[in-house]
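Sequence lines set the chain letters: A, B, ... in the order given, protein chains first and strands last, and positions in each chain run from 1.
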There are 2 protein chains.
Amino acid sequence: MAEAPRLTESAGAVFAVLAQAGSATRPQLASLAGLSKPTVSAAVAELEGARLATHSGTASSGTGRSAAVYGLGPAAGSVLAVDLGPARTRVRCCALDGTLLAEASTPRARAADAVREALDALPADAPLRAIVVAVGDVTEPDRTSGGMRPATAKAGPVFDAVSVALPPGVPVHLENNVNCAALAELHEGAARGRRTFGYLRIGVGIGLGIVIGGQVLRGANGAAGELARLPYPWDDDREPRQEALEAYVGSQALLRRAAQAWRPADGPRPRTVDRLFALAAQGREPARSLVARHAADVGRLAAAVTAVLDPGLLVLGGSTGADPQLLPGVRAELGRLSWPTEVVSSQIGDLGTVVGAARLAVAKGVQNVTEGAQVKD
Amino acid sequence: MAEAPRLTESAGAVFAVLAQAGSATRPQLASLAGLSKPTVSAAVAELEGARLATHSGTASSGTGRSAAVYGLGPAAGSVLAVDLGPARTRVRCCALDGTLLAEASTPRARAADAVREALDALPADAPLRAIVVAVGDVTEPDRTSGGMRPATAKAGPVFDAVSVALPPGVPVHLENNVNCAALAELHEGAARGRRTFGYLRIGVGIGLGIVIGGQVLRGANGAAGELARLPYPWDDDREPRQEALEAYVGSQALLRRAAQAWRPADGPRPRTVDRLFALAAQGREPARSLVARHAADVGRLAAAVTAVLDPGLLVLGGSTGADPQLLPGVRAELGRLSWPTEVVSSQIGDLGTVVGAARLAVAKGVQNVTEGAQVKD
DNA sequence: TGTACTTCGTTAGGAAGTTAACTAACGAAG
DNA sequence: CTTCGTTAGTTAACTTCCTAACGAAGTACA
């Protein structure tokens, strides 16, 4: 590579809004970046010179002179997002304006193949600006203190699996998968236009992604939103057990309860939560009551979150949380225990984690360009 | 008043750091504000002209030329903080550098007298820049939606009591008293130097003040940290009741439990939690076991907060929370249920709410000066 | 008591961005 | 086909702040 042609501050600002908008005219850039027309002209010229932006057409606003439209140039580069899910590994490559360049998905064991496949599909001249890897837990036990510590990118055990396929010298960022999914809802899902909300994921495990002012809240140990540690059961005469809540409100518990409640006359017993929800949607018992009870449980979980954070909006996701038929029950229980908070279902589903990781990677990549040097986590 | 002599941006920045530091030399201001020496010289001259800053002496750094020291000028003005506590009303008047100018305290019913008393003690020429009133609840029921809405400064019922004594035309800000106490711990208490922590207050009621990145988290309805709404009791076969947690872990519950457990042979039964804690500190039963059990309860509450926020530090306050003999028990239960989080006792006590309200008022007042116009909440 | 050294504060020149005014390009209406 | 209104882009003067260099005002030491 030739050199690092450090951008002026205004050129960096213009690049950032251009990446956000995808494509824009100079007047639009001026208004979005809060800069004056002459400054934007100078900045665009600088970006064009660095091949970070290119003239991509003209736009007429009906009346008056038509404006030149600019988009990202070849030197802007791309970013990589990896979702190391429990079953499958998903990989996405995006340009800095968020457009999808390449995609791959493999069973978890062949994670490195997916990364290689996506990277091979990239144009050779576009520099890779950032990598975000979504994992289940960004902390790891710390033997020396008996506590937790943030996992380093190099040391994370899950990370070793794909690190062989990752190109060297590119900043890598580990992020919690629930936080990633929350970002996906923020940018292209149910929380669009919000600045603060919570994303409550209920599947085999439970987790919460917290977005405050557009930023993910990570917490001192990267463990904010680890709802599995909520004290449960909790009463005058009962001691909370560690991690008991997950075993009670997770999808396993729902299926276990179904197995107990099912009678021969009720027909074939559902083996998956999807099937159970389908039966409940038809009003069949005991599926309907089981789901209603689950909704109340989710409502209690939501009340715990609301009592601490008051987020204004909760988005429900995960295999056992995203179904819209839960909403009335959740809202009712939440309203009974706490103040009313908007509750909606996830709009993105399983792809949320990669999509959100890609959004995060794009943000890191843009930072990488505008701040000249590689940004350390 | 003559006019609003709008400050240049650099003069505003210099004023802000001068207020924070109390007094400083020009080189110190330059380094604190991130400005160059010539710019600071110009800004100081501007501030002196507006009587917002005055030359207050010289400081020698051992070797080299001695520097001129500047402090706030008479036109900087002052702010007012009011704590409408359950029993007493406390009022503090501060200069914009945080120094105390006047103080008053009355029984709650005569709140307006305290405000008048403090205002009378002020120099007549110093403009009042901001007022912060700490109250127990900044929300009020909204009949139209059935939910909650933020109380307006004019409409809050508690506020009416003192509004007659408040000078008109000054921006008034209502704030939760727990949030205020948290700010006091942040600036001059157990959380000094932190950017993120939680302040858990346990007294008659329970509440949490959340500070993230030096900012109080208020939540969508101003209800973040209203732990009374945590679902409790919570178990497979028990339905949570509204507000049950407060009745279980608050000071009333502690005294009620003491009344149940006390035998004639145990000596005179304590009538206040202070007395109970004193007996426990001497190792006397059953006070010791009651306090140990209370510590475990507080630890569970702390675990609920930690599971959602992972704040890294929890400061315990309130009549039933601040006693250091709780710490071992709280830490043990928190460590058992969640990851270890630093737990310390409040260093400020009852005055925390006014002190924090004053810190907040100072911040608003400085904003008022630097941004020229009155800042709307 | 000078001389050296260090730190404070100001002066001079330059970089970056803003406002205001002007020129350029386009559509629509006579 | 000209003219007018509107919007895009450029040029010029001014503002603000920075860096670099210099003069001013102290302390330390022979």
Side-chain angles (χ1 to χ4, degrees), chain A residues 4-18 21-50 52-71 73 369-372, chain B residues 4-18 21-50 52-71 73 369-372:
Chain A
R6 200 167 206 86
L7 294 178
T8 61
E9 200 175 326
S10 60
V14 169
F15 181 84
V17 301
L18 179 58
S23 73
T25 66
R26 273 187 275 204
Q28 286 170 341
L29 292 172
S31 133
L32 289 169
L35 295 169
S36 65
K37 291 191 291 177
T39 307
V40 169
S41 283
V44 167
E46 185 181 344
L47 293 175
E48 265 193 300
L52 288 168
T54 50
H55 183 102
S56 68
T58 58
S60 166
S61 59
T63 171
R65 178 172 173 177
S66 48
V69 176
Y70 293 86
V369 173
T370 58
E371 292 173 18
Chain B
R6 199 167 207 86
L7 295 177
T8 62
E9 199 174 330
S10 60
V14 168
F15 182 84
V17 302
L18 179 58
S23 72
T25 67
R26 272 187 276 209
Q28 286 170 342
L29 292 173
S31 130
L32 289 170
L35 296 169
S36 66
K37 291 192 292 176
T39 305
V40 169
S41 282
V44 167
E46 186 180 344
L47 293 175
E48 266 193 300
L52 289 168
T54 49
H55 182 105
S56 68
T58 57
S60 165
S61 60
T63 172
R65 179 174 173 177
S66 48
V69 177
Y70 292 87
V369 174
T370 58
E371 291 173 19

Whole-Å gap separating [atom2] ([N]) and [atom1] ([X]):
X       : N      : atom1 : atom2 : result
B:Leu35 : C:dT10 : CG    : P     : 15 Å
B:Glu46 : D:dT16 : CD    : P     : 9 Å
B:Glu9  : C:dT18 : CD    : C1'   : 13 Å
B:Arg6  : D:dT16 : CZ    : C1'   : 17 Å
A:Glu48 : D:dG9  : CD    : P     : 11 Å

Looking at [X] and [Y], what are the two nearest heavy atoms and their distance?
X        : Y       : answer
A:Thr370 : A:Phe15 : CG2-CD2, 4.0 Å
B:Arg6   : B:Glu46 : O-OE2, 4.2 Å
A:Gly71  : A:Ser56 : N-OG, 3.9 Å

**Study point:** Partner residues of B:Ser41 under the side chain to side chain donor-acceptor pair (under 3.5 Å) criterion, sequence neighbours left out
**Key:** none
Review point. A:Thr8 side chain N/O closer than 4.0 Å to the phosphate oxygens (OP1, OP2) of C:dA16?
Key: no
Check your understanding: Rounded to the nearest 0.5 Å, what separation is found between the CG atom of B:Leu7 and the CD atom of B:Glu371?
Key -> 11.0 Å
Exercise for review: Note down the inter-axis angle between the two ends of the helix from C:dG9-D:dC22 to C:dG30-D:dC1, five pairs each, to the nearest 10°.
Suggested key: 10°
**Study point:** Summary of side chain to side chain donor-acceptor pair (under 3.5 Å) pairs that have at least one residue in residues 60-71 of chain B, sequence neighbours excluded
**Key:** B:Arg26-B:Tyr70
Study note, to complete from the structure: Comparing nearest nucleotides in DNA chain C, the 5'-proximal residue of the pair A:Thr39, B:Ala67 is B:Ala67
Practice item. Taking the side chain as every heavy atom from C-beta outward, state whether B:Leu52 and B:Leu18 have any pair of such atoms under 4.5 Å apart. Key: no
Exercise for review: Please check if atom CD in B:Glu48 has more than 12 non-hydrogen atoms from other residues, nucleotides or ligands closer than 6.0 Å.
Suggested key: yes
Practice item. State which residues pass side chain to side chain contact (heavy atoms under 4.5 Å, CB included) with A:Ala43; sequence neighbours excluded, sorted by chain then number. Key: A:Ser10, A:Ala11, A:Val14
Exercise for review: Could you check which residues of residues 25-32 of chain A get a heavy atom under 4.0 Å from DNA chain D? Sort them by number, please.
Suggested key: A:Arg26, A:Pro27
With a 3.5 Å cut-off and sequence neighbours excluded, list the donor-acceptor pairs that the side chains of residues 27-38 of chain B form with protein atoms.
residue: B:Gln28; atom: OE1; partner: B:Thr25; partner atom: N; Å: 2.9
residue: B:Ser36; atom: OG; partner: B:Thr39; partner atom: OG1; Å: 3.0

Study note, to complete from the structure: Readout for nucleotides 20-26 of chain D: B = base within 4.0 Å of protein heavy atom, S = sugar-phosphate only, - = neither; 5' to 3' it is B--BBBB
Check your understanding: Looking across every strand, which nucleic acid part, if any, lies under 4.0 Å from A:Ala42 by heavy atom: base, sugar-phosphate, or nothing?
Key -> nothing
